[in-house]
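Each residue takes its place number in the sequence, starting with 1.
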Amino acid sequence: MQTAITHATIHTGTQILDNHIIIVENGRIKAIEPIDNFGHENKRTIDMAGKHIAAGFIDTHINGGEKYYFTQHPTEETIQDIYESSLALGTTHVLPCLITSPLDNILKGIEATRNFMQKNPDSGVLGMHLEGPFLNLAKRGAHLAAYVRKPTNSELEEIIKYGKDVIKIMTIAAENFTDEQIDLLLANGIRLSLGHSNATYKQAQHAYRKGISLCTHLYNAMTQMGHREPGVVGATFDNADVYAPIIVDGFHCDFAAARIAYKIKKDKLFLISDALFVGDKVTHFQWEEFDAYLKDGQYRNSEGNLAGAAISMADGVRNTVQKVGISTEEAIKMATIRAAKAVGMEQTIGQIAEGFPAKFVVFDETLSHFEPLLVQ
Ligand SMILES: [Zn+2]
């Protein structure tokens, strides 16, 4: 049985369509047709009553769900928690992020992600983001210093062996890697992201030339753009092809800095939540020496430093429109198709187009409320 989604403003990812309907069959988009061609026969109808609809949001950087923090509990239960709590707010696809920790913990996270994906092939869990452990101590942020380390070939080989098809992004401080180590990771299909890096502009340029295709949370935990030493931020601005995810919560960077980044990076800037937890239910968190307290919409540790974000992708979209001043059409693209492109998945997710999953987010002009719509 087919389903027709009617009376919506459709953000396809490439354009906005009014007076069109989306036809869904077996969980996939079968067609987008002008309303004039619409025949009601043999179709279930979902009337959107003038609301907006887009492909569900894609979050390539999320650390925890409503209850569990992935690095502390690298289990299938946590993946489920991250997926379900994100989904409730319109994020249909996620890359749970595991941060700097001992090798056995990383391998547990890989195993949990792999098992979850095998048992739930139609879920929106795309793999995982491994953020660390090979970071620069000087830019470790909230990562535990005891576990930040230099890459050895044997540990890299171990991570590749177990994580090859599961790790979709790995954040590295490229200045601590040899060219051969970077080549090895890239050759095994692991997308590399430059982050928690103290690289000079020259080192960052070299990393991008080697094939590193994105950075990790633009502006945060990286060398800033000085006029004599443009740093990682400068190199990211200087390479038109490099993707840059940004946390638009107003705390990780000023809204004006997000606006400036958008002017420079254009369609390569995209949104992440980098949420520590989803839904503000966890107000105090402790994992070894890493602690965080939720206050005024921010997670900070006992030293007062930011310890991960407390926004959802939906909050990021709303802030991008209402605080940064970017159009709704563009903000939606920043949370969907551009995130998909950044991880090389634009042929399968992030758009309302024929053959794509019927996993949507629905909202109205006020952007006050976002909800998922999954159609079978
Ligand atoms: Zn980080």
Side-chain angles (χ1 to χ4, degrees), residues 1-59 65-66 79-94 116-126 278-279 312-315 317-318 328-329 331-340 345-376:
M1 176 113 176
Q2 294 185 344
T3 302
I5 302 170
T6 65
H7 299 114
T9 295
I10 304 169
H11 295 247
T12 68
T14 53
Q15 59 182 330
I16 292 188
L17 295 174
D18 282 307
N19 303 316
H20 280 66
I21 54 163
I22 304 167
I23 310 282
V24 174
E25 192 173 47
N26 298 326
R28 303 243 149 220
I29 297 165
K30 191 171 163 54
I32 298 119
E33 292 176 353
I35 187 85
D36 306 340
N37 302 351
F38 181 43
H40 282 273
E41 62 283 349
N42 302 323
K43 285 191 191 73
R44 189 171 73 105
T45 300
I46 301 176
D47 188 332
M48 301 301 302
K51 285 190 174 166
H52 291 243
I53 188 168
F57 300 138
I58 302 166
D59 193 351
E66 260 178 23
I79 310 252
Q80 178 103 21
D81 180 26
I82 290 176
Y83 173 56
E84 285 179 356
S85 55
S86 298
L87 182 61
L89 300 169
T91 299
T92 54
H93 294 87
V94 292
F116 184 89
M117 289 170 76
Q118 276 170 0
K119 288 179 198 164
N120 306 277
D122 293 326
S123 84
V125 176
L126 304 169
V278 179
S312 63
M313 290 293 286
D315 294 328
V317 166
R318 185 185 311 109
T328 301
E329 180 177 8
I332 292 295
K333 287 180 184 175
M334 290 165 75
T336 56
I337 186 168
R338 289 176 191 160
M345 295 183 190
E346 72 275 17
Q347 302 300 332
T348 49
I349 54 168
Q351 293 186 63
I352 295 183
E354 193 187 328
F356 279 62
K359 297 182 177 186
F360 309 102
V361 59
V362 174
F363 54 98
D364 66 19
E365 313 250 295
T366 66
L367 306 178
S368 54
H369 185 67
F370 292 80
E371 60 184 51
L373 174 66
L374 306 187
V375 185
Q376 261 316 305

Would you check if H93 and K359 make a side-chain contact, meaning some heavy-atom pair closer than 4.5 Å?
yes
Run the side chain to side chain contact (heavy atoms under 4.5 Å, CB included) check on V317 and I332 step by step: do they pass?
CA-CA 7 Å; V317 166; I332 292 295; 4.1 Å; yes
Going by side chain to side chain contact (heavy atoms under 4.5 Å, CB included), H20 matches just one of D18, L17, I16. Which one?
L17
Supply the atom-to-atom distance T336 OG1 to I349 CD1, rounded to the nearest 0.5 angstrom.
9.5 Å
For the side chain of T45 and the backbone of D47, is there at least one donor-acceptor N/O pair under 3.5 Å apart?
no
Has Q15 got more than 12 heavy atoms of other residues, nucleotides or ligands less than 6.0 Å from its CD?
yes
In Å and rounded to the nearest 0.5 Å, what is the NZ to OG1 distance from K333 to T14?
7.0 Å
The reported gap from CG in L373 to OG1 in T92 (rounded to nearest 0.5 angstrom) is 10.5 Å
Is there a side-chain contact between L374 and L87 in this structure, where contact means two heavy atoms from C-beta onward sitting under 4.5 Å apart?
yes
Working for side-chain hydrogen bond (donor to acceptor under 3.5 Å, both in side chains), residues H11 and E329:
CA-CA 7 Å; H11 295 247; E329 180 177 8; over 6 Å; no
Check whether any side-chain heavy atom of M48 lies under 4.5 Å from a side-chain heavy atom of I5, and answer yes or no.
yes
Value rounded to 0.5 Å, distance of CD1 in I10 from CD1 in I22:
4.0 Å
